[in-house]
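Just so you know, residue 1 is the first one in the sequence shown, and it goes up from there. Small disclaimer: the values here were computed from a predicted structure and weren't measured.
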Amino acid sequence: MQLLSLNFLIYSLSGVWRPISWSSSCAKLLYSAFTVFTVVPLYFLVLTQLMDIVLIVDNIDDFTNNSLMLVSIISVCCKATVVVLRRGAITGLVEMLLTEPCRPRDEDELAIQARFDEFIRSCSIKYLLLAMSSVTSVTLRSVISIIEGHLPYRVWLPYDSRKSSLFLITSIHQIVSLIFATFINVGTETLVFGFILQTCAQLDILKCRLNKIVNNETAGYRANQPLSLPNKKQMVISEHIRHHLRIYTYAKMVNRVFNQVLFVQFFGSILVLCTSVYYMSAHITELGALGIVVYTICMFAQILVYCWSGNEVILKSASLADAVYHVNWFSLPVSKRKDLLMIMMRSTIPIKFTSSFLITLSLQSYSNILRTSYSAFNVLQQS
């Protein structure tokens with residue numbers, strides 16, 4: 001799988017994406033066992049933390065700490081489940097980009113595709129480093145808690161965790177689950193980011209094709225040889241109309257596949273941002289607040305990844321009409337002008353990625369989330 005190879009590698013390391021090249025039954029069975037080993041402990045951690053909140057927690061500080069981790073792990077469980085269950089649909093998205101009419105055809109289009117692929121890869125590496133810095137600080141804090149005789153995270157357990165062997169097993173389970181959760185988070189954010197930006201790549205490829213076909217058609221009519229090319233090699237604008245519609249279909253498929261992930265992510269992020277900022281304001285002088293600071297920064301970056309990429313698609317798709325207008329359309333026959341007009345009319349409705357009914361991925365939505373989180377923080381602080 002050539003597209004988004006780094007992102008799928010991160011998924012494979014996190015245990016939720018078996019490599020496409022693994023075709024033997026033994027390899028599939030072993031990786032399925034690895035997936036169970038990864039996902040089941042995450043669900044167990046969610047259950048034990050939820051039971052702790054319901055049965056044990058009796059003060060706002062413990063509730064805040066548990067809620068932060070609980071909401072985050074619920075989001076990770078949703079992401080892992082979606083990826084495992086919708087593997088075929090995700091593979092179909094990649095195949096759509098690798099087949100006609102989306103596949104690059106010449107050096108110019110390959111250069112456009114390579115530029116976007118390199119940008120996605122670079123951002124994915126930087127985001128991975130940011131996430132690893134966060135999980136490293138949290139892990140160090142967890143090790144300190146273990147040395148002091150406390151579990152890294154408060155949980156309700158159906159057994160006595162004070163026994164040394166059970167305490168060690170539970171502590172390792174929590175730390176390992178957190179590491180796998182980080183990889184699943186990074187894999188999901190960067191993969192969705194990559195799929196969204198591939199929409200921008202396709203729009204740029206479409207602009208390149210339209211410019212070339214219009215120039216070729218114009219040159220042919222100026223030479224009074226509009227049919228100078230063999231029939232099977234002639235490029236008609238109607239084919240690019242189909243490409244334009246295919247881009248919209250691709251964007252809808254991406255939104256449909258990751259719709260629940262986006263909804264849980266944004267809904268959970270608003271809650272986490274409110275509670276984490278409130279916790280930091282009340283414990284700003286404590287050493288334990290450092291991990292929350294790094295975690296909050298990662299959460300802001302997590303939302304920004306989605307909103308910025310969605311905003312780029314909105315701008316890029318809306319600008320297609322201007323790009324069409326600036327080609328030499330006035331030298332074309334009326335029938336070809338009508339084809340271009342169809343593309344321009346369709347571009348008046350930009351491509352938008354949404355988080356279910358909750359939010360549209362854009363920078364405006366990002367600023368709204370920050371304002372909402374700050375307002376909720378003020379309410380919590382005054383109560």
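- Here F183 and F180 keep their ring centres 6.0 angstrom or further from each other.
- Here the closest non-hydrogen pair linking P152 and S145 is CA-CB, 4.4 Å.
- A donor-acceptor contact closer than 3.5 angstrom links the side chains of S319 and K207.
- In this structure, the side chains of S134 and T182 stay at 4.5 Å or more apart for every pair of heavy atoms.
- Taking the six-membered ring where tryptophan is involved, the planes of F258 and F195 are tilted, since the angle between them lies from 30° to 60°.
- A tilted orientation is assigned to the rings of W17 and F8, their planes being inclined by 30° to 60°.
- The shortest side-chain heavy-atom distance between V324 and S347 does not fall under the 4.5 Å cut-off.
- Relative ring orientation between W22 and Y31 is described as perpendicular, the plane-to-plane angle rising above 60° on a 0-90° scale split at 30° and 60°.
- Looking at heavy atoms from C-beta onward, C78 lies out of side-chain contact with F263 at the 4.5 angstrom threshold.
- Minimum heavy-atom separation, N259 to S355: OD1-C, 4.0 Å.
- Checked by atom type, the side-chain pair R371/N368 shows a donor-acceptor distance below 3.5 Å.
- Looking at heavy atoms from C-beta onward, S365 lies out of side-chain contact with Y306 at the 4.5 angstrom threshold.
- Residues S161 and L151 have side chains in contact (heavy-atom distance under 4.5 Å, counting atoms from C-beta outward).
- In this view, Y43 satisfies the ring-ring contact (aromatic ring centres under 6.0 Å, His included) rule with no residue, not counting sequence neighbours.
- Looking at every heavy atom in both residues, H240 comes nearest to L206 through O-CD1, 3.6 Å.
- For residues 114-129, the salt bridge (charged side-chain N to carboxylate O under 4.0 Å, His left out) pairs, not counting sequence neighbours, are R115-D204.
- The distance from the CE atom of M342 to the NE2 atom of H244 is 11.0 Å, given to the nearest 0.5 Å.
- When side chains are defined from C-beta on, N255 counts as touching L262, because their heavy atoms get closer than 4.5 Å.
- Taking CG of L6 as the start and OG of S124 as the end, the distance is 5.5 Å to the nearest 0.5 Å.
- For the residue pair T170 and Y159, a side-chain donor N or O sits within less than 3.5 Å of a side-chain acceptor on the partner.
- Contact of the Q198 side chain with the L93 side chain is not registered, since no non-hydrogen atoms from C-beta on lie closer than 4.5 Å.
- Within the 4.5 Å cutoff, no side-chain heavy atoms of I213 are placed close to those of E239.
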